Amino acid sequence: MGIKGLTKLLSDHAPGCMREQKFESYLDRKVAIDASMHIYQFMMVIGRQGDQTLTNDAGEVTSHLQGMFMRTCRMLEAGIKPVYVFDGKPPTMKGGELAKRKDKRDEAEAALAKAKEAGDQEEIEKMSKRTVRVTRQQSQEVMQLARLMGLPVFEAPCEAEASCAALCKAGLVYAAASEDMDTLCFACPKLARNLMSPASQGKPILEFDYEKILTELDMTWEQFIDVCILCGCDYCDSIKGVGPVKAVSLIKKHGNIETLLQHLDTEKYPVPEDWPYKEARELFKHPDVVNTDGLELKWTAPDEEGIVAFLVGEKQFGEERVRNTLKKLKAAKGKSSQNRLESFFGAVTVKSSTTGKRKE
DNA sequence: AGTCTGTCTCAAGACGGC
DNA sequence: GTGTCTTGAGACAGACT
DNA sequence: GCCGTCC
């Protein structure tokens, strides 16, 4: 769910941190992507009629592969260098939130069964969308595909967002591409939203610059995190009656949650019992992430025969379709390196001073 | 008036042939 | 060992300061 | 551009 109302908060209090970017400016840029989110979307949407999705003869779902294959090709064709990061175990603090979601899904499952019995097509469609889940095997198939396509792939120890942020902090990628605003709490230098929208919706890429957030809010990282916790995050409840607006003014006034609590009229604003805001803060400050020490990211040419063996051989994709898509990719590759210099000179100036990527 | 809460809604991919 | 997560925006009504 | 199809 991210941070409630953070986009609006930032556009009100730190407008300079947001900037629209052209899709073309991402040529040759490395970006870290939370793959799990994309998989989920594809499962929900691709090739479904009623409760059917795309499958091979063995009945294995292939929607996620169809979607990821096409999308990855589109990115590579555009000269973007994606790194895919997969979710690991969710932090235990998220347990409450997850339990709620599970309840909802169980409900939807019951409704789905009922709808099937009644033969209510529309209801079946709706409910089956709500019961979608991504299995471990499906994630691993996407990893396999991504590796065959020559991309770096990571299985994050915990939340993918946190590891994407870590890759960006380490200077290994230009930005984390995500729709989830939590990424910024992990002090991710750059967050790019709508990266994949241009083709489908014509939305421009929206970049958030972490340093500018702190400058314009005139806050430290810790204070920004405190504001986000007050707004409402996945890790703990927030104080009723306190939303984005009060969160900012309270932190500005008192500096941190501890001090703020001493001055808060708890009659009006009841603080949750045993409120684990410190633990939430800790998760944002020191998340469990992939180790970036000495890490080098490499992109290699797609293994065409490997991809065909997997998608066509195992998953029954149309061979011609797959080969055609890969052919287009090859054609675009030459172009991309030709354009590299031009686009570099045309590009916005990039500061390299902020991240100390050298380590003794 | 401004603010927060709750609840509800919706929509969510991409290609290729016509 | 095993199992496993969606998300965001917008609209609107109602309640509180 | 809409619409059926992708597996």
Side-chain angles (χ1 to χ4, degrees), chain A residues 1-9 12 34-49 52-75 77 86-92 94-105 108 125-126 129-140 156 158-161 178-182 193-194 196-201 203 230-232 234 237-249 265 267-269 311-322 324-325 328:
Chain A
M1 233 166 92
I3 310 298
K4 269 181 208 154
L6 185 56
T7 308
K8 190 172 181 308
L9 187 157
D12 289 346
D34 173 357
S36 311
M37 196 117 292
H38 293 245
I39 297 175
Y40 187 87
Q41 269 185 347
F42 293 135
M43 297 286 284
M44 185 120 62
V45 116
I46 295 184
R48 62 168 44 255
Q49 5 188 4
Q52 303 282 306
T53 53
L54 303 184
T55 62
N56 63 7
D57 286 344
E60 298 164 328
V61 176
T62 51
S63 300
H64 55 305
L65 295 170
Q66 173 77 24
M68 287 303 270
F69 179 57
M70 288 304 178
R71 179 166 284 182
T72 306
C73 283
R74 206 152 64 82
M75 275 191 282
E77 235 176 286
F86 292 79
D87 269 330
K89 300 174 183 187
T92 45
K94 224 169 168 177
E97 186 68 23
L98 295 187
K100 264 187 223 163
R101 289 175 191 168
K102 186 177 186 320
D103 283 350
K104 270 193 187 164
R105 213 183 37 239
E125 176 102 25
K126 220 189 268 176
K129 271 188 192 172
R130 284 192 212 172
T131 55
V132 165
R133 80 185 75 193
V134 178
T135 67
R136 173 117 191 106
Q137 197 200 336
Q138 286 157 353
S139 292
Q140 282 181 344
C158 196
E159 303 215 78
E161 292 302 335
S178 173
E179 308 309 310
D180 195 340
M181 299 294 285
D182 295 25
R193 298 181 93 181
N194 308 329
M196 280 303 110
S197 300
S200 57
Q201 288 164 331
K203 278 190 203 162
L230 288 170
C231 288
D234 283 350
D237 290 331
S238 51
I239 302 171
K240 283 201 198 308
V242 177
V245 176
K246 288 211 174 73
V248 171
S249 66
D265 180 352
E267 293 295 311
K268 264 187 242 168
Y269 303 110
L311 292 184
V312 179
E314 281 182 50
K315 302 297 177 184
Q316 298 172 320
F317 279 53
E319 174 158 2
E320 202 181 310
R321 214 174 245 263
V322 172
N324 261 344
T325 309
K328 271 204 307 193

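Numbered from 1 within each chain, the chains take letters A, B, ... in sequence-line order. Note that the structure is a prediction, hence the values are computed from the model and not measured.
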Quiz item: Under 4.5 Å between any side-chain heavy atoms of A:Thr325 and A:Cys73, yes or no?
Solution: yes

Quiz item: When the P atoms of D:dC3 and B:dA12 are considered, how many whole Å apart are they?
Solution: 15 Å

Quiz prompt | Closest approach of A:Val242 to A:Ala247 (non-hydrogen atoms, all atoms of both residues) | solution = CG1-N, 4.0 Å

Quiz item: If you write DNA chain B from 5' to 3' in dot-bracket form, with Watson-Crick or G-U pairs under 3.5 Å, [ ] for crossing pairs and | for pairs with another strand, what do you get?
Solution: ||||||||||||||||||

Quiz item: Is a donor on one side and an acceptor on the other found under 3.5 Å between the side chain of A:Arg48 and the backbone of A:Met44?
Solution: yes

Quiz prompt | Value in whole Å for how far the C1' atom of C:dT7 lies from CG of A:Leu6 | solution = 15 Å

Quiz item: So does A:Arg193 get a side-chain nitrogen or oxygen closer than 4.0 Å to the phosphate oxygens (OP1/OP2) of C:dA9?
Solution: yes

Exercise. Using chain A heavy atoms and a threshold of under 4.0 Å, write down where along DNA chain D the contacts begin and end, 5' to 3'.
Key: D:dC6 to D:dC7

Quiz prompt | Sugar-phosphate, base or nothing in reach of A:Ile239, heavy atoms under 4.0 Å | solution = sugar-phosphate

Exercise. Could you tell me the separation between the NZ atom of A:Lys4 and the C1' atom of B:dT3, rounded to a whole number of Å?
Key: 15 Å

Quiz item: Heavy atoms under 4.0 Å, any strand shown: does A:Gln316 hit a base, just sugar-phosphate, or nothing?
Solution: sugar-phosphate

Practice problem: Mind calculating the distance between CG (A:Asp234) and P (C:dT7) to the nearest angstrom? | Solution: 7 Å

Quiz item: Which sits closer to the 5' end of DNA chain B, A:Arg48 or A:Ser238, going by the nucleotide each is nearest to?
Solution: A:Ser238

Between protein and nucleotides 15-17 of chain C, what N or O pairs are separated by less than 3.5 Å?
residue : atom : partner  : partner atom : Å
C:dT17  : O3'  : A:Lys268 : NZ           : 3.1

Practice problem: Give a yes/no answer on whether the side chain of A:Arg321 brings an N or O atom under 4.0 Å of OP1 or OP2 in B:dC15. | Solution: no

Quiz item: Has A:Lys240 got a side-chain N or O lying under 4.0 Å from the OP1 or OP2 atom of B:dG6?
Solution: yes

Quiz item: Quick one: does A:Phe69's side chain get under 4.5 Å of A:Val322's, heavy atoms only?
Solution: yes

Quiz item: Roughly, in whole Å, what's the span from CG in A:Asp87 to C1' in C:dG3?
Solution: 15 Å

Quiz item: Under 4.0 Å: is that the gap between some side-chain N or O of A:Thr7 and OP1 or OP2 of C:dA9?
Solution: yes

Self-check item: Along DNA chain B (nearest heavy atom to each residue), the more 5'-positioned of A:Leu54 and A:Asn324
Solution: A:Leu54

Quiz item: If only atom types and distance count, is the side chain of A:Thr62 paired as donor or acceptor with the main-chain N or O of A:Leu65 below 3.5 Å?
Solution: no

Quiz item: So, A:Arg193 side chain and A:Glu179 main chain: donor-acceptor pair closer than 3.5 Å or not?
Solution: yes

Practice problem: Using the C1' atom on both, measure B:dG16 against C:dC5 and round to a whole Å. | Solution: 34 Å

Quiz prompt | Within-4.5 Å side-chain heavy-atom neighbours: A:Thr55 and A:Glu60 | solution = no

Quiz item: Within this structure, what is the CG-to-C1' distance between A:Asp180 and C:dT6, rounded to whole angstrom?
Solution: 10 Å

Practice problem: Give a yes or no answer on whether the side chain of A:Glu159 reaches the backbone of A:Asp87 with a donor-acceptor pair at less than 3.5 Å. | Solution: no

Quiz prompt | Single hit among A:His64, A:Met70, A:Gln66 for side-chain contact (heavy atoms from CB on, under 4.5 Å) with A:Ile46 | solution = A:Gln66

Quiz item: With sugar-phosphate meaning primed atoms plus P, OP1 and OP2, does A:Thr62 contact a base, only sugar-phosphate, or nothing at under 4.0 Å between heavy atoms?
Solution: sugar-phosphate

Practice problem: Measure the distance from CE on A:Met37 to P on C:dC5 and round it to the nearest whole Å. | Solution: 13 Å

Quiz item: Would you say the side chains of A:Glu314 and A:Asn56 form a donor-acceptor pair under 3.5 Å?
Solution: no

Quiz prompt | Distance in angstrom units between A:Tyr40 OH and C:dT4 C1', rounded | solution = 12 Å

Quiz item: Is any side-chain heavy atom of A:Lys89 closer than 4.5 Å to a side-chain heavy atom of A:Cys158?
Solution: no

Quiz item: Does a side-chain heavy-atom distance below 4.5 Å link A:Gln41 with A:Arg71?
Solution: yes

Quiz item: With rounding to whole Å, what would you report as the distance between D:dC6 and B:dT7 at their P atoms?
Solution: 43 Å

Practice problem: Identify the heavy atoms of A:Ala160 and A:Ala156 that sit nearest to each other, and give their distance. | Solution: CA-CB, 4.0 Å

Quiz prompt | Euclidean distance, atom CD of residue A:Glu161 to atom C1' of C:dT7 [Å, nearest integer] | solution = 11 Å

